[in-house]
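Note on naming: letters A, B, ... go to the chains in the order of the sequence lines (proteins, then strands), and numbering restarts at 1 for each one. Hydrogens, waters and symmetry mates play no part in the numbers below; they use all other heavy atoms, side chains included.
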2 protein chains.
Amino acid sequence: MQIGELAKSTGVSIRSLRYYEQQGLIAADRQENGYRTYNPLMIEKVNTIKFYLSLGFTTEQIASFLHCVMMNKESFCSQIVPIYRQKLAEIEDQIQLLSQIRANLLDRIEAVTDENPNLLECESHVHNDIKSR
Amino acid sequence: MQIGELAKSTGVSIRSLRYYEQQGLIAADRQENGYRTYNPLMIEKVNTIKFYLSLGFTTEQIASFLHCVMMNKESFCSQIVPIYRQKLAEIEDQIQLLSQIRANLLDRIEAVTDENPNLLECESHVHNDIKSR
DNA sequence: ATAAACCCTAACATTAATGTCAGGGTCAAT
DNA sequence: ATTGACCCTGACATTAATGTTAGGGTTTAT
């Protein structure tokens, strides 16, 4: 299986596959002509990488526990739990922050619409005084 | 008021103040020696910029409505409402996405701890087979 | 032998706000 | 006249994953 086929099978670009290799996430055998060759199992591995990237892990973090999950022994590899928990905490912090921002935005919107229930159009601030009268 | 004082008064770095100027958010008069000079009102303006940056607006977006909010006529400037709403929608999308990630992470953690309630330590995958027995 | 479809490496570009550094003026006090 | 605390511009660095481009080799079919 060459890199193009792996890319198609996983939906990951060739560029990204080479990047994952460079980051130590995957390895490839080489044909005589220098082309990369992959074992069909690599599809699952790349999909696993995709999944953890989607969870917001960096390639470096994924590299630190990928062997664990690929062995189907995630549940035996306790080192992975604190990593999950840490990421979870980060995610929850981000949600918290975004929720605060959301509340601020709702305040702003409310402030505008409450004070001016019948809002007029205004394309430019130059005309504000006229239009708002 | 020189740039250093403005920086101290607002907690915004000199570098950032120059950047805001370059992005058209603020303007400065110049002394004969080329030093920037600011009106004391600039403090409020910079703080307003800080606030909107914290809401996740870009300098470009802020530039498009800053005159509005600085005139204390935010409520008369209807063009600002769709901008707020759009940002709100983005924020809510991000919250949605992060919540999904959060759920996935909780699943992972649950999967590990459920299948292996009495988790052993494992410093390295090399020793997994031994330690997990 | 040429075209099409593969593959390779290396390197630069992207994003946004900010940090940092280099090289250099200005000003006040001593 | 020197020191220290200001200020200036310009430019490169940061982050992380990916896109893109340049320049070039390989293979297969025609």
Side chains of [X] and [Y] in contact at under 4.5 Å (non-hydrogen atoms):
{"X": "A/Tyr38", "Y": "A/Val46", "result": "no"}
{"X": "A/Tyr52", "Y": "A/Thr48", "result": "yes"}
{"X": "B/Arg30", "Y": "B/Arg36", "result": "yes"}

request  = For A/Gln31, report the nucleic acid contact type (base, sugar-phosphate, nothing); a contact means any heavy atom under 4.0 Å.
outcome  =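 A/Gln31: no heavy atom of the nucleic acid under 4.0 Å.
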query = Can a side chain N or O of A/Gln2 be found less than 4.0 Å away from OP1 or OP2 on C/dC7?
reply =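 Answer yes for this pair, as a side-chain N or O of A/Gln2 is under 4.0 Å from OP1 or OP2.
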inquiry  = Is the phosphate of D/dT27 approached by A/Asn33 (side-chain N or O, under 4.0 Å from OP1 or OP2)?
reply    =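 Answer is yes, contact under 4.0 Å.
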For the student: nearest non-hydrogen atoms of [X] and [Y], plus distance:
{"X": "A/Met42", "Y": "A/Ala27", "result": "CE-O, 3.2 Å"}
{"X": "A/Ser13", "Y": "A/Ala7", "result": "C-CB, 4.3 Å"}
{"X": "A/Leu25", "Y": "A/Lys45", "result": "O-CE, 3.4 Å"}

Rounded to whole angstrom units, what separation is found between the [atom1] atom of [X] and the [atom2] atom of [N]?
{"X": "A/Arg36", "N": "C/dC7", "atom1": "CZ", "atom2": "C1'", "answer": "9 Å"}
{"X": "B/Glu32", "N": "D/dC7", "atom1": "CD", "atom2": "P", "answer": "17 Å"}
{"X": "B/Glu5", "N": "D/dC7", "atom1": "CD", "atom2": "C1'", "answer": "14 Å"}
{"X": "B/Ile3", "N": "D/dC6", "atom1": "CD1", "atom2": "P", "answer": "13 Å"}

ask   = At what angle, to 10 degrees, do the two end axes of the helix from C/dA1-D/dT30 to C/dT30-D/dA1 meet, given five pairs define each axis?
value =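 Rounded value for the end-axis angle: 40°.
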query = Is it the case that A/Glu90 and A/Gln94 place a side-chain donor and acceptor less than 3.5 Å from each other?
reply =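 The criterion, which ignores hydrogens and geometry beyond distance, is not satisfied for A/Gln94 and A/Glu90.
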inquiry  = Tell me whether the count of non-hydrogen atoms from other residues, nucleotides or ligands lying under 6.0 Å of CD in B/Glu92 goes above 12.
reply    =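 Counting neighbours around CD of B/Glu92, more than 12 heavy atoms of other residues, nucleotides or ligands fall under 6.0 Å, so yes.
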message = Is it the case that over 12 heavy atoms from other parts of the model lie below 6.0 angstrom from the CD atom of B/Glu21?
response =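 Enclosed: over 12 neighbouring heavy atoms sit under 6.0 Å from CD of B/Glu21.
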query = Distance from B/Lys87 atom NZ to B/Ile91 atom CD1, nearest 0.5 Å?
reply =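 Answer for the NZ-CD1 pair, B/Lys87 versus B/Ile91, is 5.5 Å.
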key: CD1-OG1 distance between A/Ile49 and A/Thr59, expressed to the nearest 0.5 angstrom   =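 One gets 9.5 Å once the value is rounded to the nearest 0.5 Å.
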task = Please work out which residues in residues 38-66 of chain A have a non-hydrogen atom less than 4.0 Å from an atom of DNA chain C and list them by number.
result =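 None - not one residue of the stretch has a heavy atom sitting under 4.0 Å from the strand.
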ask   = In residues 11-25 of chain A, what residues come within less than 4.0 Å of DNA chain C, judged by heavy atoms?
value =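 Per residue number, the list reads A/Ile14, A/Arg15, A/Arg18.
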query = Is there a donor N/O on one and an acceptor N/O on the other, under 3.5 Å, for the side chain of A/Tyr35 and the base of C/dC8?
reply =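 No, no donor-acceptor pair under 3.5 Å.
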ask   = Does B/Arg30 or B/Lys8 map to a spot on DNA chain D nearer the 5' end, using the closest nucleotide for each?
value =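 Upstream on the strand: B/Lys8.
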